[in-house]
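So that the names make sense, note that chain A is the first sequence line, chain B the second, and so on, each numbered from 1. Only heavy atoms go into these numbers, but all of them, side chains included; no hydrogens, no water, no symmetry mates.
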2 protein chains.
Amino acid sequence: MRARRFSSALQSSAPVFAALGDPARARLVARLCGGGQMSITRLASGAGITRQAVTKHLHVLADAGLVSGVRRGREQLWELNPRQLREARRCLDTISRQWDDALSRLQVSLEGGG
Amino acid sequence: MRARRFSSALQSSAPVFAALGDPARARLVARLCGGGQMSITRLASGAGITRQAVTKHLHVLADAGLVSGVRRGREQLWELNPRQLREARRCLDTISRQWDDALSRLQVSLEGGG
DNA sequence: CATGAATGCAACCTCCTGGTTGCATAATAA
DNA sequence: TTATTATGCAACCAGGAGGTTGCATTCATG
């Protein structure tokens, strides 16, 4: 079954999607989009949730490979890691293209055989 | 703050990401990638979960705009709806490109000013 | 009409997630 | 050293997500 291929691609990117699926985490990613590094306290300011909650979200994002943190002095700076982002994008691309191909094949088969 | 723009893009695609984040739903999407329509019972066969659980997942996917179902006789056929998929892909694309732009700007600023 | 198949709906359960508070620890500043 | 800042860690809690079972309903079929 060909679906297995796409299934495995989706499965591997599932943590990334799950990570981006939470609004609070999506907001964190958006704030990190500027290209700079930000400390936890700074990320928590104006987030509407406590610093500890932000820390948890950052760990989820890190587990998905979306962000990485570096310690500098007494603060930990977090930055975006776009590799997994691109991987997920490619995954969605593959799926929608596969859908298009299947539809056009279906079209051809209808025109030719029916 | 410029991050607002990307935040809203991410927020609007968040349901799509959340929907794809669950392995069971990702598997359903993968099975629907073939371009055809499938009934609930057929989707449930070999899924490892009950038909009712599959139904719930399909509703989540439908709420995210990823699938749509049509009634035919006594069975309901579900098919993929790639529009939201493309939207989400474009969203990830925007983010990673924004990241690249920010990094290159940072590079230029470092070369020019320091 | 009687039967079986495909689905919908509701109640229920368990577990994980997102969030909090409280306290401990490491690093800068005075 | 002492005070302050930034963070880590653990316990705890409410709510929702994912799953199940049971039953009702609708459609096809004889």
Where protein sits on nucleotides 5-16 of chain D, one letter per nucleotide: B base, S sugar-phosphate only, - none, heavy atoms under 4.0 Å: BSBBB-------
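- Applying the 4.0 Å criterion to OP1 and OP2 of D:dA17, one finds that B:H57 has every side-chain N and O outside that range.
- For the atom pair CZ of B:F17 and CG of A:D22, the computed distance is 13.0 Å after rounding to the nearest 0.5 Å.
- Atom-to-atom, CD1 of A:I49 to C1' of C:dT20 comes out at 11 Å; the value is rounded to the nearest Å.
- In this entry the distance linking CG of B:L58 with C1' of C:dG8 reads 13 Å, nearest Å.
- Between the CG atom in A:L32 and the CZ atom in A:R27 there is a gap of 13.5 Å [rounded to 0.5 Å].
- Looking only at distances, no side-chain donor or acceptor of A:R25 sits under 3.5 Å from a matching main-chain atom of A:L58.
- Within the 4.0 Å cut-off from OP1 or OP2 of C:dG19, not a single side-chain nitrogen or oxygen of A:T50 is found.
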Take A:R105 and A:D100 through the salt bridge (charged side-chain N to carboxylate O under 4.0 Å, His left out) test and state the conclusion after the steps. CA-CA 9 Å; A:R105 268 199 306 275; A:D100 290 340; over 6 Å; no
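- Among the candidates A:R90, A:Q84, A:R83, the single residue satisfying the side chain to side chain donor-acceptor pair (under 3.5 Å) test with A:E87 is A:R90.
- To the nearest 0.5 angstrom, B:M38 atom CE is 11.0 Å from B:E75 atom CD.
- If you check every strand for non-hydrogen atoms under 4.0 Å, B:R72 touches nothing.
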